[in-house]
2 protein chains.
Amino acid sequence: MSVRIIDDAQSTDDGEVQKIRGISDVAQETGLSTHTLRYYERIGLLRIQRDHAGHRVYFPEDLRRIAFITRLRQTDMPIREIQRYFELVDQGPASEPERLNLLLRHREAVQAQLVTLQSALEAIDTKIELYGGSGQP
Amino acid sequence: MSVRIIDDAQSTDDGEVQKIRGISDVAQETGLSTHTLRYYERIGLLRIQRDHAGHRVYFPEDLRRIAFITRLRQTDMPIREIQRYFELVDQGPASEPERLNLLLRHREAVQAQLVTLQSALEAIDTKIELYGGSGQP
DNA sequence: CCTTGACTTCGAGCACACTCGAACCTCTAC
DNA sequence: GTAGAGGTTCGAGTGTGCTCGAAGTCAAGG
């Protein structure tokens with residue numbers, strides 16, 4: 001994966017090294033399948049550049065976006081809302097208040113999830129103890 | 001909902017009062033839809049008695065089972081595994097070790113979920129702070 | 001030149017957990 | 001005895017988030 005067409009080889013202010021990746025590398029690193037990566041792109045969560053052969057070329061920026069998408073998915077944010085979030089991102093800085101809002105609302109949801117999950121875990125533990133199970137002492 | 005046909009009006013040892021419920025009461029109380037309650041029965045998670053009119057009659061025991069099913073669903077146990085669990089329950093006490101095992105394994109999964117969720121929450125909080133958001137101080 | 005293999009697009013298919021609708025039944029109240 | 005509410009069964013439909021397969025392209029190695 002060596003790419004030269006890309007003129008936009010940005011070097012970030014912290015002197016980050018540009019490691020450009022093909023889709024299977026990225027699949028490896030992120031734990032997502034190539035299918036899923038392409039799917040995310042199809043539905044507009046990602047916009048990935050192509051090399052001269054038309055192959056996808058992932059920049060560190062893309063990897064960071066993928067990582068964040070993964071976090072949002074792990075907390076069950078619906079794809080639609082993630083789409084909304086990245087629409088806002090792609091609209092530039094003017095949308096920051098709305099993005100913040102979206103994230104704050106989502107955080108509430110995640111905290112609620114945590115509460116539900118913890119109380120369900122307690123219920124399960126109670127049941128386990130009922131079976132005389134080795135609950136953590 | 002007054003029922004007399006049911007000869008099996010068990011009074012539990014702690015003198016629990018028999019409050020027998022129709023499906024819509026139960027839907028109300030549990031937050032599940034009547035559709036879902038019937039669905040759970042179809043797939044074998046519940047076996048609910050009928051009154052003389054063929055209407056479902058829920059006993060406290062059934063409500064407790066429903067509550068536990070809900071806990072398992074809240075923690076993303078797949079329906080298949082919940083089916084398995086209640087197959088074991090319905091097989092009587094001999095299956096208790098296996099039930100315990102199933103629950104212990106599920107607890108592991110839930111704890112993993114909690115860890116994932118918490119670390120994703122941190123990531124989201126970090127992003128929120130990046131937006132200058134009012135994270136909890 | 002030819003094979004190999006990793007990539008491309010596109011539409012279709014799948015698994016899961018419900019969710020709904022049609023057609024029918026039955027109790028209660030008037 | 002008829003209306004209406006609320007139940008019944010059954011099969012089919014829905015939404016979400018992937019997941020897959022077919023058919024084609026491209027560049028490198030032998």
Side-chain angles (χ1 to χ4, degrees), chain A residues 1-6 20-58 62 66 69-86 106 109 113 116 120, chain B residues 1-6 20-58 62 66 68-86 109 113 116 120:
Chain A
M1 269 285 148
S2 63
V3 177
R4 205 78 302 273
I5 299 299
I6 314 316
I20 287 159
R21 303 299 194 160
I23 193 168
S24 37
D25 297 333
V26 173
Q28 274 277 305
E29 282 175 33
T30 60
L32 301 175
S33 72
T34 57
H35 285 304
T36 301
L37 286 168
R38 285 191 273 256
Y39 165 69
Y40 282 175
E41 199 175 340
R42 257 197 296 181
I43 64 174
L45 294 191
L46 301 170
R47 260 167 307 95
I48 304 296
Q49 301 208 34
R50 304 301 148 109
D51 65 13
H52 66 106
H55 290 191
R56 288 167 176 81
V57 166
Y58 292 83
D62 300 319
I66 292 166
I69 290 170
T70 300
R71 294 308 203 169
L72 295 178
R73 291 294 306 124
Q74 282 171 343
T75 52
D76 282 326
M77 183 183 281
I79 294 272
R80 303 303 296 272
E81 214 170 326
I82 302 180
Q83 283 175 326
R84 176 79 189 128
Y85 178 79
F86 286 110
H106 183 56
Q113 269 185 77
T116 300
Chain B
M1 268 286 146
S2 63
V3 176
R4 206 79 301 273
I5 298 299
I6 316 305
I20 286 159
R21 305 299 195 158
I23 193 168
S24 37
D25 298 332
V26 174
Q28 274 278 303
E29 282 176 33
T30 60
L32 300 174
S33 72
T34 56
H35 284 304
T36 301
L37 286 169
R38 285 192 271 256
Y39 166 69
Y40 281 176
E41 200 175 341
R42 259 199 295 183
I43 63 174
L45 294 191
L46 301 170
R47 261 169 305 96
I48 304 297
Q49 302 207 34
R50 304 302 146 108
D51 65 11
H52 64 107
H55 290 191
R56 287 167 177 80
V57 165
Y58 292 81
D62 299 320
I66 291 166
F68 192 55
I69 290 169
T70 300
R71 295 308 203 168
L72 295 178
R73 290 294 305 123
Q74 282 171 343
T75 52
D76 282 325
M77 184 184 280
I79 294 273
R80 302 303 296 271
E81 213 170 326
I82 303 180
Q83 284 175 325
R84 176 79 190 128
Y85 178 77
F86 286 109
Q113 270 185 75
T116 300

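Everything numeric in this text was worked out from a predicted model, so none of it was measured. Numbered from 1 within each chain, the chains take letters A, B, ... in sequence-line order.
Straight-line distance from the CG atom of A:D76 to the C1' atom of D:dC18: 14 Å, rounded to whole Å. Across the protein-nucleic acid pair, A:E81 atom CD and D:dG17 atom P stand 11 Å apart, rounded to whole Å. To the nearest angstrom, C1' of C:dC16 lies 17 Å from CG of B:L72. Atom C1' of nucleotide D:dG7 and atom CD of B:Q49 are separated by 17 Å, given to the nearest angstrom. As a whole-Å value, the separation of A:L46 CG from D:dG17 P is 15 Å. Following rounding to the nearest Å, B:R56 (CZ) and C:dT26 (C1') show an atom-to-atom distance of 15 Å. Remark: P of D:dC18 and CE of A:M77 are 14 Å apart, rounded to the nearest angstrom. With rounding to whole Å, A:D51 atom CG is found 10 Å from D:dA27 atom C1'.
The shortest distance between side-chain heavy atoms of A:R56 and A:R50 falls below 4.5 Å. Side-chain contact check for A:T30 versus A:T36: every heavy-atom pair is 4.5 Å or farther apart. Using a 4.5 Å heavy-atom threshold, the side chains of A:I66 and A:Y40 count as separate. Annotation: side chain of B:L45 is in contact with side chain of B:Q83 (closest heavy-atom distance under 4.5 Å). Residues A:E29 and A:Y58 form no side-chain contact, since every pair of their non-hydrogen atoms from C-beta on lies 4.5 Å or further apart.
Residues passing the side chain to side chain contact (heavy atoms under 4.5 Å, CB included) test with B:A53 are B:D51, B:H55, sequence neighbours excluded.
Side-chain atoms of A:R42 lie closest to D:dT19 of the nucleotides D:dT8, D:dT19, D:dA27. Listed nucleotides: C:dC18, D:dC18, C:dC7. Nearest to the side chain of A:R73: D:dC18. Comparing C:dT26, D:dG7, C:dC7 against the side chain of A:S24 picks out C:dC7 as the nearest.
The side chain of B:Y40 places an N or O atom within less than 4.0 Å of a non-bridging phosphate oxygen (OP1 or OP2) of C:dC18. For C:dT26, neither phosphate oxygen OP1 nor OP2 lies less than 4.0 angstrom from any side-chain nitrogen or oxygen of B:R50. At D:dT25, none of the side-chain N or O atoms of A:H55 fall inside 4.0 Å of OP1 or OP2 (strictly under the cut-off). The phosphate of C:dT26 has neither OP1 nor OP2 within less than 4.0 Å of any side-chain N or O from B:H52. Contact annotation: B:R80 does not reach the phosphate of C:dC16 (side-chain N/O to OP1 or OP2, under 4.0 Å).
Within the model, atoms CD1 of A:I79 and CD1 of A:I43 stand 4.5 Å from one another, a figure rounded to the nearest 0.5 Å.
A heavy atom lying under 4.0 Å from DNA chain C marks the following residues of residues 27-39 of chain A, by number: A:R38.
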